[in-house]
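Working notes, beginning with the structure itself.
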Amino acid sequence: MNYKFLSVDFQNEFADKNGKFFNGGKSIDFIQKTLIPFLQKNNIKVCEIISDYRLPRKKSSSAGCIPGEFGFQSALPENVRDVSPWIKCMNSPIWIRKNIGKKDKKAGIPYQDAKKFNKWLKSHFGQPSEDLTIILFGLTLDCCVLSVAQELYWHGYRFKILIEATDVMPNKNQEEVKRQLVGGQVLNHWLKFIKFEDLIKDFK
């Protein structure tokens with residue numbers, strides 16, 4: 001089985017305690033202490049989708065992941081990161097903007113460009129095939145990870161979401177909400193999940 005890894009929004013803004021939108025879920029600790037060492041040991045590079053959440057953004061009044069600032073930076077170590085991340089400006093990865101990711105340029109109005117995102121997918125993962133499975137992880141399962149999963153599905157890619165390496169939006173019942181989503185019929189109708197213990201069997 002050919003696996004490639006794709007991280008979604010694992011940026012300091014969400015994954016670091018000093019980030020504006022710190023998630024606080026258990027997945028952050030798992031990614032840092034278990035997944036990253038595994039990636040490093042196996043010389044695996046991770047493709048990234050990150051966010052530029054400067055204003056203006058429709059239906060949003062709070063800015064974050066601002067290029068040039070701490071929150072925008074990836075929380076993955078440099079030695080596992082692919083050099084050319086995809087940068088989005090809304091939950092769905094097909095939403096981009098003029099000057100996206102450029103710290104010294106004024107951010108444009110968000111717009112959709114599915115063709116450009118598809119081109120990025122093909123440049124990093126090739127054409128969809130039965131031999132390729134994308135391992136998806138990051139923040140959050142019920143928001144940006146879900147939006148990316150939808151696009152992968154519609155573009156024809158096989159993928160599995162790494163259960164321990166994602167969380168839902170912060171709330172007092174965070175673990176229970178995650179358990180319901182992973183085990184529920186709605187998402188499982190078209191999403192595939194995998195546990196870390198099952199994933200690593202193919203690397204032994």
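As a basis for the values below, the full set of heavy atoms in this structure was taken, side chains included, without hydrogen atoms, waters or symmetry mates. Here the structure is a predicted model, which is why all the values come from computation and not from measurement.
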For [X] versus [Y], what's the shortest heavy-atom pair and its separation?
{"X": "A63", "Y": "F21", "value": "O-CZ, 3.7 Å"}
{"X": "L141", "Y": "L146", "value": "O-CB, 3.1 Å"}
{"X": "F14", "Y": "C65", "value": "CE1-SG, 3.5 Å"}
{"X": "S92", "Y": "E151", "value": "OG-OE2, 3.9 Å"}
{"X": "C47", "Y": "D82", "value": "CA-CB, 4.0 Å"}
{"X": "P67", "Y": "K103", "value": "O-CB, 3.2 Å"}

Self-check item: Under-4.0 Å salt bridge between R179 and E176
Solution: yes
Taking [Y] as the starting point, is it possible to reach [X] by hopping between hydrophobic residues whose side chains are less than 4.5 Å apart?
{"X": "L139", "Y": "F5", "result": "yes"}
{"X": "I44", "Y": "I134", "result": "no"}
{"X": "W154", "Y": "L136", "result": "yes"}
{"X": "V145", "Y": "L6", "result": "yes"}
{"X": "L191", "Y": "L162", "result": "no"}

Under 3.5 Å donor-acceptor pairs involving side-chain atoms of residues 24-39, not counting sequence neighbours:
from : atom 1 : to   : atom 2 : distance (Å)
S27  : OG     : D167 : OD2    : 2.6
D29  : OD1    : K33  : NZ     : 3.2

Quiz item: Has K160 got more than 12 heavy atoms of other residues, nucleotides or ligands less than 6.0 Å from its NZ?
Solution: no
Practice problem: Decide if atom OH of Y153 counts as having more than 12 heavy atoms of other residues, nucleotides or ligands within a radius under 6.0 Å. | Solution: no
Practice problem: Might you work through the side-chain contact (heavy atoms from CB on, under 4.5 Å) test for H155 and F117, ending with a clear yes or no? | Solution: CA-CA 10 Å; H155 281 83; F117 179 61; 4.2 Å; yes
Exercise. Could you check if a side-chain atom of F193 sits within less than 4.5 angstrom of a side-chain atom of T166, using non-hydrogen atoms only?
Key: no
Exercise. Evaluate the side-chain proximity of L181 to K178: yes if any heavy-atom separation is below 4.5 Å, no if none is.
Key: no
Exercise. Using only heavy-atom distances, determine whether the side chains of D142 and T140 contain a donor-acceptor pair under 3.5 Å.
Key: yes
Taking [X] for its side chain and [Y] for its backbone only, find out whether a donor-acceptor pair lies under 3.5 Å.
{"X": "T133", "Y": "F159", "value": "no"}
{"X": "Q127", "Y": "K122", "value": "no"}
{"X": "E13", "Y": "F72", "value": "no"}
{"X": "R81", "Y": "L76", "value": "yes"}
{"X": "E164", "Y": "F196", "value": "yes"}
{"X": "N171", "Y": "M169", "value": "yes"}

Practice problem: Taking side-chain contact (heavy atoms from CB on, under 4.5 Å) as the test, write out the residues that go with N79, two or more places apart. | Solution: Q40, P77
Quiz item: Can you list the residues that meet the side-chain contact (heavy atoms from CB on, under 4.5 Å) rule with N18, with sequence neighbours excluded?
Solution: D16, F70
In Å, rounded to the nearest 0.5 Å, how long is the span from [atom1] of [X] to [atom2] of [Y]?
{"X": "I194", "Y": "L199", "atom1": "CD1", "atom2": "CG", "value": "5.0 Å"}
{"X": "I49", "Y": "C144", "atom1": "CD1", "atom2": "SG", "value": "9.5 Å"}
{"X": "Q112", "Y": "M90", "atom1": "CD", "atom2": "CE", "value": "9.0 Å"}
{"X": "I200", "Y": "K195", "atom1": "CD1", "atom2": "NZ", "value": "13.0 Å"}

Quiz item: Does D9 have any side chain to side chain donor-acceptor pair (under 3.5 Å) partners at least two apart in sequence or in another chain, and if so, which?
Solution: S51, K88
Could you pull out every donor-acceptor pair under 3.5 Å between side chains of residues 93-101 and any protein atom, sequence neighbours left out?
from : atom 1 : to   : atom 2 : distance (Å)
R97  : NE     : G108 : O      : 2.9
R97  : NH1    : D52  : O      : 3.1
R97  : NH1    : R54  : O      : 3.0
R97  : NH2    : R54  : O      : 3.1
R97  : NH2    : P56  : O      : 2.5
R97  : NH2    : G108 : O      : 3.3
N99  : ND2    : K106 : O      : 2.8

Quiz item: What do the steps show when you test F10 against V46 for side-chain contact (heavy atoms from CB on, under 4.5 Å), and what is the final call?
Solution: CA-CA 11 Å; F10 199 68; V46 177; over 6 Å; no
Exercise. Write out all pairs satisfying ring pair (Phe, Tyr, Trp, His ring centres under 6.0 Å) with one or both partners inside residues 123-148, taking only residues at least two apart or from two chains.
Key: W120-H124
